[in-house]
Structures are given as C-alpha cells and as structure tokens.
Amino acid sequence: MPHEELTEAQLAAVHHVDGPLLILAGPGSGKTRVVTHRIAQLLELGIPARNIIALTFTNKAADEMKRRVGLLAPLASVWMSTFHRFCARLLREYAPYVGLPENYTIYDTSDSLQALKHALDALDLDLTHTTPDRVHSAISWAKNNLITSEQYEPRRGSPLGAIVARVYPEYQKRLLESGAVDFDDLLLHTAVLLRENPEIRRRLDERYRYILVDEYQDTNLAQYTIVRAMSVDYPNLAVTGDPDQSIYGWRGANLSNILDFEHDYPNVKIVRLEQNYRSTKRILRVADRLISFNKRRKLKSLFTDNAEGRPVRLIFHPTQRDEAEQIASCIEAEVRAGRRRPRDFAVFYRTNALSRALEFALREFSIPYQMVNGLEFYQRKEIKDVVAYLHLLNNPRDNVAFTRIINTPPRGIGRGTIAKLQIHAAQRGLSLLAAARESGLIEGLNKKAAVAVAKFVAFFDHLTLSATAPVEEIIGHVLADSGYHDFLKQSEDEDDQERLANIEELLTAAREFDEMHPATGALEAFLEQAALVNDTDAWEVEDDRVTLMTVHAAKGLEFPVVFMIALEEGIFPHERSRNEEDQLEEERRLLFVGITRAREELHLSRACYRHYRGQFRPTVPSAFLMELPQEELDFQQPKTAAAVDQALSAAMSDIHCESQHGDDGIDFDPHDLEFAPRPSLPVSSEENHADFPVTLSSEEGQSEGVVAAPPFRLTTAAELAARNAEVAFSGPTPAEKISPEVFHQGMVVQHPIYGLGKIVALSGGGAKRKATVMFASGAGEKHFLLAHSPLRPATQNT
DNA sequence: TGTGAGTTGATTTTT
DNA sequence: TCAACTCACA
C-alpha cells in the first residue's frame, strides 16, 4: 500500500496498531484519509476484517468511509456503521436481555413524542409551564447520560424535573409494552446490556478488537460507555475528533469525552493533524482567531501551505432580500462568466427558516439549487402513515403505529372510541390491537363503533397474510386494502395528489430494497433501514447545484465558495444560547465549522433589517463579527445604508426610547470597531432625544414599546443629511415625506416595522398632528407624530 | 365523528 | 410567517 502521499503526522497515525490512539484533527487535515489508510494498514497486517469496527455518527460518513476503504482494500468487509445502527443490530441479537422482543420497533422522534404525549395524558400531568417537547428532551438528556427511569432524580425545585420524574417511568413502560425503543434507547439499552452482562461484554470486546470512532468530540456518555466497555481487554481504540468542532452539545454530546481521553486511557498515543489542505491562509486565520475566543478547548495551531487567497468578505445589506439577491446575482455572474459552476457554491444559515428569501432569489435568477433538509422524506405524513401499517405488521404490539392508522383513512373511529380502546387495553394488559379484537366486549362502546373496529381488525388480519412477501408487495396490499390509495385519489386537495407521488417514491425505495435484500424477513430490515436513515444522506455532490443548508448539516463537507448569512445577534449566536458561556462557545464553534468549510472564498453577511417570525425588525450585528481579525476582512456596507439609517430613524421617531446605562448583554467595546460595521441611529425627532446610546434589541428585559436599535455610535443629523444627499433612497420606505393631512380616520396604513395597521384615532393639526394606529401584526396600538412617522397609506404599494 | 376558524409559540437535529 | 394544536359547531 503506497503511503508516500501521507505526511509524517498522518503516517504516525496510520502506522499505530495496538493501544489507544487519539487523533486530534483540525478541519481539512485529511482525517478521513488517515482513518481509511489505517484500516487498510490493519488489514494488511493480517488482522481479520471481522475484528475491526468503525463507528460514525452519520450514514453519510459511514458510506464515505466504506467507499474509500473499498478503494484501498477492495475485498475486505470491515463493519462500518453508525452508532445507532450498530446498537440496533446488537439489540436484535440480545433483545431479551433488556426486555425487548426481537422484532422490536424503532420509534423516530415524532413517534416517541407521540408515545410521550400518551403517557402525559394518562398521568394527567399539568403542562402549563412546559411542553411535551421539553419533557421529551429532558428524558433524552437523561438517557444519553445513562440515567434510567428508575434512577432519575429531579433537581429539587425544578418543575420540569418533577414532571419528568413522573412521566419518564410511564413513558418507558409504554415503550416496552409496545415492544419499541426510541433513538436514545438504542444506546441506553446497549450500554446497560454491556454493563450488566460481563460475559456478553467480554465476548464483544474480544470480537471487536480494533475500534475506530469518528467525530469523537460528539459522543455522549452512553456512546462513551459502549465504546469503553468494548475496549477493556483489547484497548485498541482509535478516536478522531476536534474539540473545536463539537456542535452537538445540545444533544448530550460531552466535550469531556475527548478532552479527558488521555486521562481515561493513560498510554494513549496522540497525533495532531494541524496542517490544513482545504482553505486559503486568510480563511484559516479568520477561523483560528475566532475560535481562540473559546476557553474550553485543546490548543492547536492551524496552518496551511495553500495560497494566501482573497480577503474574507463581510457585507451588511439593508434587508434580507438584498442579502439574498446579492448572493444570487454574485453566483449568477460567476457562473455566467464561466469561472465557477453552481455546485461550487454553498450557502449556510443558522436556522432553516432563513432559507426562504434565498430560495426565492435563486429561483428568480434561475440558479439551480438543492436544499438539504426541508421535510425529510420519512417524516412526511403519507409516508409515516404507510410505514405505520408496516410497523404494526412487523410488531402487532406497536401502539403508536396502531393509533396512527386506526382511523387513517377515516373509518368512523374517533377519539372517543380510541380512548375506550386504550382503557380496555390498560385494564387487561393488552396491546391496542389485541384490545380491538375484543371490541364487542368493550364497555360503553356503541355498536357502530364496535363494528367499525371489528372491520378494521378483519382487514388487518387479512393483511397479515402478506407479511412475508417482498416489501413492495406488502405496501401494495396496504395501499389497496386499507383504502388509503383511493382516499387520496378521490381527494380534491392538490397536496393529496402530491402525496400519491411520494408514495410512489416509497414503492420505488421498497423495490430497490427488495432487490438488494432478497432474503426473507425483509420487512424488519426495511423498517430498521427506514428508521435510521435521513435525508441529509440523500445530498448529492454530483448534482450541479448550489447547496443550501444549515451550518450543522455542513459539517464534514467543503465548498470552493461559502456564503454565511444572517450573522446577527439572536440568530447567530442564537438567542437561546446567549445566557450561558458554554452555549455561546458552542455557537462559536458552529461558526468555526461553517467558516472552515470554505476552500477559496468566504462571504459573511448580515441584513440590517430582517423579516423573522412574521416581524420586520432591525437587527444587531453578531458579536462574533467583532472577534474576527479585521485585517483579513473586506468590509462593505452598501450604499443604501443611509436609507437603512433613515428607515430606522423613522421607526424610532414615534417610539419612546428608554435609555439604559451599561450594556444590554452585548458585550464589546465600540472602540474596537475600527472597521465600524455600524448602522447608525440618527436623531430626528423631538420625541427621540433620550440619553443615548440606545441599546436594545433583545426582546427580553425590555419594557414594552421599546424598539430595537444597534448599540452603535450615533450618526448626527448633519452626517445623515450629507449621506442622504449622496445616495438615492431605495430602501424599505419612501424618501419623500407624506403630508400629515393625507391621513384620515379608518385608513389602512403601512409601517416598516409593525406592518399593516388601521388608524383608529387622530388628533392635533399641522406638525403636531398625531395618529393612533392599531396594528394587525400583534404590535397593538401605537401613537405617532405624523410629521415624523414612517407611516404611509397602505394602498400605495400593496 | 369530522372540519374549519382561531390560538399559540417557535433552534440546531448525526439517529 | 407558518404549522401544529384546540375548540366549537355541523
């Protein structure tokens, strides 16, 4: 095997055979190459493939590893899989040890949430101060930290904890009754299995003598424990990771696992891969500076022999529309000039909701794009419906599946009937399907409902006859016999026609699966597959399209040109991360990950105004921008910035500004801002003379009526006038003032921030003329001094 | 039981 | 904005 293309550091990792190995791999340092070469090396040394296992977090990563090992060692069949899939297989074998049937069902997030809601309902818990979602993630957190339902103890005085303490056991009981596990259970059950059965642990340790774990910084305690348990007698554990790229703390990933690796495995060999083969020097310096603000990390110095490259661009746009259009036109120009192809570009954003303006702009410019995510295929209602039939066939105890399909399509079996079935099932210790078989015996169930239930059971029993057929055939039976196909076909709704098309796609997937797995027992394997894949896996490098994705989804990928948008306080870093230093560091790592995806060009941007969650509001630049090395940046504030200022000023003019001393959570010194990304706030009204600087913009901690404004230096009125003279206005509000006399009672008016409203009262005259406007946006009633307000009749431009 | 209007409350999401 | 959920009515 030729290794000469590997560097010394890489070779050190590749040639390491026995004993623990920690590979600290910076972004773009050729980590996957090292791992794949190392597997090939182990095989070459005569270690049987069956003794090696490689664990990853995503199917994508596992597939990529398989592909590349396949190139180096074509005949080997090393098991490379995700943690969850590995556990799922293991549990099929050892299911009885943890109280599961062998045909257990894997619930996806929405299924398990459903099960949790049932449990909450049954216990009649008060959820006024929390949501099932939060309870769900609290349970998930507990499971990831190996806290079983029996062990769970709430923090004292925590209302959420008290609820979890009660519902967790009930939820777990229900899962077991349904013969089901959630994603976290796959890990938890496996960890418990290994902990409580030394014999099994020993066997697996011996079997998997060489273990490789990718993205180790993202492991949680459960995963750590599983790996640890299998590397006691044979501690040949090699992990790769980068603490700076840990972005899944919110899912229970524990940074300590990698930070303390040396402690847990004393004789560890550590290899640092610090040379970057991906990005330009400038991009790397920007990333390096940013991440240096984090405290919890392992110091490492990134360097590259790559070209210096162009400065990183930082652009402030007036609105998100300008942002999107500028990106689209930039891409179009590059493609048209033949310098780049669409697939060279990627746009990253913090939250999915931010993709909308981009999609719109890209369509407008006729640029092909692919969005990773959206609604995942297996999450679509129609797919979940059909798959639920399969689940119930495979595991008749699956109560979530039963509840999902009992009245889908409508069979006249409503909530009341289902509730009665549930009571009956609980009383007799039956599954819902078994209870349904006794529908005639159920107390209080009227005849019509009982007959409908009996009919369903008869249909389902008939369906069972085909359960061993190829999956495609089973689905065919489900569609035809359940009436689901006809139900959709007869529907007037256009969406339902699309649903039929999606079901066709499911049939195709099933056919392909059947071809690859001709053995019997296909149904169970198909369901496992369906539960453990997601759509990010479907992302195609080959397609010549611009890629749109969240920063999280971008991990592990790279693109010649990367745009990152909406670098604004509250969005990136996300508002929910602002209070805790740990979380803020994770946000910073997230930005680090995004930046280091770029090979040649990086464009960062922010819109001064953004439509977000139905509101049009001014924004504050992300504090992270202030941490970037300004000498590497090419900062551009568009000409229309003056227009932005004015719109902002107009918006401010009618609202009382509360001044606050000190800072409002945004902690940086304006003097550091030599490059001054500062939309400024002009003083333009008698009502707006409060003691500046006005700091606002976070929703919390502000009294009502206070509006956001960036905590920057103020432009003087004279400066503003000068700038306005230079630049024609093209922003969100018209430059010309509207005479106060134009407004009349009942008129529908437009406001740049609050949107549409209606004038409910008028008073005064001339320059003092005031209006009271009731807004539709939920902003309520506001008072305006018409001479200075940004209000205008809505009819002008709608 | 099924449906349409109104209310509410929003990250990220490997599996 | 938007989708998920509730609630009142047919």
Side-chain angles (χ1 to χ4, degrees), chain A residues 55-63 81-88 106-113 117 127 130-134 136-137 140 143-144 181-187 214-215 217-220 222-223 245-253 348-354 356-357 372-373 375-376 378-379 381 407 409-418 446 448-449 452 528-537 539 549-556 566 570-578 583 586-587 589-591 593-594 610-616 699 755 777-778:
Chain A
L55 296 173
T56 64
F57 282 78
T58 62
N59 294 304
K60 198 166 61 185
D63 291 346
S81 121
T82 62
F83 264 102
H84 288 81
R85 204 178 284 268
F86 171 76
C87 292
I106 300 170
Y107 281 171
D108 67 17
T109 310
S110 65
D111 294 330
S112 55
L113 192 62
K117 282 178 185 166
L127 283 180
T130 182
T131 63
D133 247 347
R134 284 201 196 129
H136 191 244
S137 47
S140 174
K143 287 184 174 179
N144 287 153
V181 300
D182 61 23
F183 286 143
D184 305 314
D185 278 340
L186 288 171
L187 305 175
D214 197 22
E215 307 281 14
Q217 75 280 357
D218 288 331
T219 46
N220 56 40
Q223 286 157 332
Q245 292 186 67
S246 161
I247 54 176
Y248 286 102
W250 50 276
R251 285 199 89 257
F348 303 153
Y349 33 80
R350 177 66 240 265
T351 71
N352 281 119
L354 294 165
R356 197 161 254 129
V372 176
N373 204 25
L375 237 196
E376 290 174 14
Y378 283 101
Q379 296 301 319
K381 181 187 181 312
N407 201 33
R411 301 190 172 90
I413 303 171
R415 270 226 297 273
T417 307
I418 294 171
N446 67 43
K448 204 169 121 217
E528 179 182 308
Q529 164 89 7
L532 297 179
V533 300
N534 84 16
D535 266 15
T536 322
D537 305 331
W539 178 78
M549 51 170 64
T550 63
V551 196
H552 281 92
K555 184 151 145 196
I571 292 180
F572 204 162
H574 196 272
E575 57 188 328
R576 301 252 274 246
S577 317
R578 254 199 308 220
Q583 290 186 33
E586 181 153 317
E587 294 281 309
R589 290 194 292 269
L590 192 55
L591 183 55
V593 167
R610 182 173 299 279
H611 260 297
Y612 195 60
R613 292 198 192 150
Q615 284 196 311
F616 190 56
E699 293 88 291
S777 63

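Numbers restart at 1 for each chain; the letters A, B, ... are given by sequence-line order, proteins then strands. Computed from a prediction, not measured in an experiment: that's the story for all the values here.
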List in chain and number order the residues that pass side chain to side chain contact (heavy atoms under 4.5 Å, CB included) with [X], two or more places apart in sequence or in another chain; answer none if no residue qualifies.
| X | result |
| --- | --- |
| A:T109 | A:H136, A:F183 |
| A:T130 | A:L127, A:R134, A:V135, A:L160, A:I163 |
| A:A554 | A:F348, A:M549, A:R597 |
| A:A222 | A:L146, A:L187, A:N220 |

For nucleotides 2-10 of chain C, list the nitrogen or oxygen atoms of the protein found under 3.5 Å from its nitrogen or oxygen atoms, one pair per line.
from  : atom 1 : to     : atom 2 : distance (Å)
C:dC5 : OP1    : A:K117 : NZ     : 2.9

* Determine whether the aromatic ring centres of A:H552 and A:W250 lie less than 6.0 Å apart. =>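 For A:H552 and A:W250, the ring centres are under 6.0 Å apart.
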
Rounded to the nearest Å, what distance is computed from the [atom1] atom of residue [X] to the [atom2] atom of nucleotide [N]?
| X | N | atom1 | atom2 | value |
| --- | --- | --- | --- | --- |
| A:W250 | B:dT13 | CH2 | C1' | 3 Å |
| A:Q379 | B:dT15 | CD | C1' | 11 Å |
| A:R251 | B:dT14 | CZ | P | 8 Å |
| A:L590 | B:dT12 | CG | P | 12 Å |
| A:H136 | B:dT13 | NE2 | C1' | 12 Å |
| A:D185 | B:dT15 | CG | P | 17 Å |
| A:D182 | B:dT13 | CG | C1' | 14 Å |
| A:N59 | B:dT13 | CG | C1' | 14 Å |

Excluding sequence neighbours, so at least two apart, what forms salt bridge (Lys or Arg N to Asp or Glu O under 4.0 Å) with [X]?
| X | answer |
| --- | --- |
| A:D108 | A:K384 |
| A:E528 | A:R89, A:R92 |
| A:E586 | A:R589 |

* Out of A:D184, A:D182, A:D185, which one pairs with A:S140 under the side chain to side chain donor-acceptor pair (under 3.5 Å) rule? ->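 The side chain to side chain donor-acceptor pair (under 3.5 Å) with A:S140 is passed solely by A:D184 among A:D184, A:D182, A:D185.
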
* To do: Using a 4.0 Å heavy-atom cut-off across all strands, classify A:T56 as base, sugar-phosphate, or nothing.
  =>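 Nothing: the residue A:T56, judged by heavy atoms under 4.0 Å, touches no strand.
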
* How would you label the contact of A:Q223 with the nucleic acid (heavy atoms, under 4.0 Å): base, sugar-phosphate, or nothing? ->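 Since no nucleic acid heavy atom lies under 4.0 Å of A:Q223, the category is nothing.
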
Hey, what are the protein-to-nucleotides 3-10 of chain B N/O distances that come in under 3.5 Å?
from   : atom 1 : to     : atom 2 : distance (Å)
B:dA10 : OP2    : A:R134 : NH2    : 3.4

* To do: Using the six-membered ring for Trp and the full ring for Phe, Tyr or His, decide whether A:Y248 stacks on the six-membered base ring of B:dT13 (centres under 5.5 Å, planes under 30°).
  =>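 It does not: the ring fails the test against the base of B:dT13.
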
* Asked: When you check the phosphate oxygens OP1 and OP2 of B:dT14, does a side-chain N or O of A:N220 lie under 4.0 Å from one of them?
  ->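 Checking A:N220 against B:dT14: no side-chain N or O falls below 4.0 Å of OP1 or OP2.
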
* Asked: Quick one: is A:T417 getting a side-chain N or O under 4.0 Å of the B:dT1 phosphate, OP1 or OP2?
  ->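 So the side chain of A:T417 is within the cut-off, an N or O lying under 4.0 Å from OP1 or OP2 of B:dT1.
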
* Asked: Would you say the side chain of A:R251 lies within less than 4.5 Å of the side chain of A:D218, judging by non-hydrogen atoms?
  ->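 No, too far: nothing below the 4.5 Å cut-off.
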
* To do: Please state whether the base of B:dT11 and the side chain of A:R350 form at least one donor-acceptor pair under 3.5 Å?
  =>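 Under the 3.5 Å cut-off, the side chain and the base do not form any donor-acceptor pair.
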
* Could you please name the option among B:dT15, B:dT13, B:dT11 that lies closest to any side-chain atom of A:T109? =>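 Side chain of A:T109 sits closest to B:dT15.
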
* Nearest-nucleotide pick for A:H84, side chain only, options being B:dT12, B:dT15, B:dT1 ->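 Looking only at side-chain atoms, A:H84 lies closest to B:dT15.
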
* Closest nucleotide of DNA chain B for A:D184 versus for A:G414: which of these residues is on the 5' side? ->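 Its nearest nucleotide lies further toward 5', so the answer is A:G414.
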
* When the nearest nucleotide of DNA chain B is assigned to A:N407 and to A:Y612 on a heavy-atom basis, which residue is associated with the more 5' position? ->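 Residue closer to the 5' terminus by nearest nucleotide: A:N407.
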
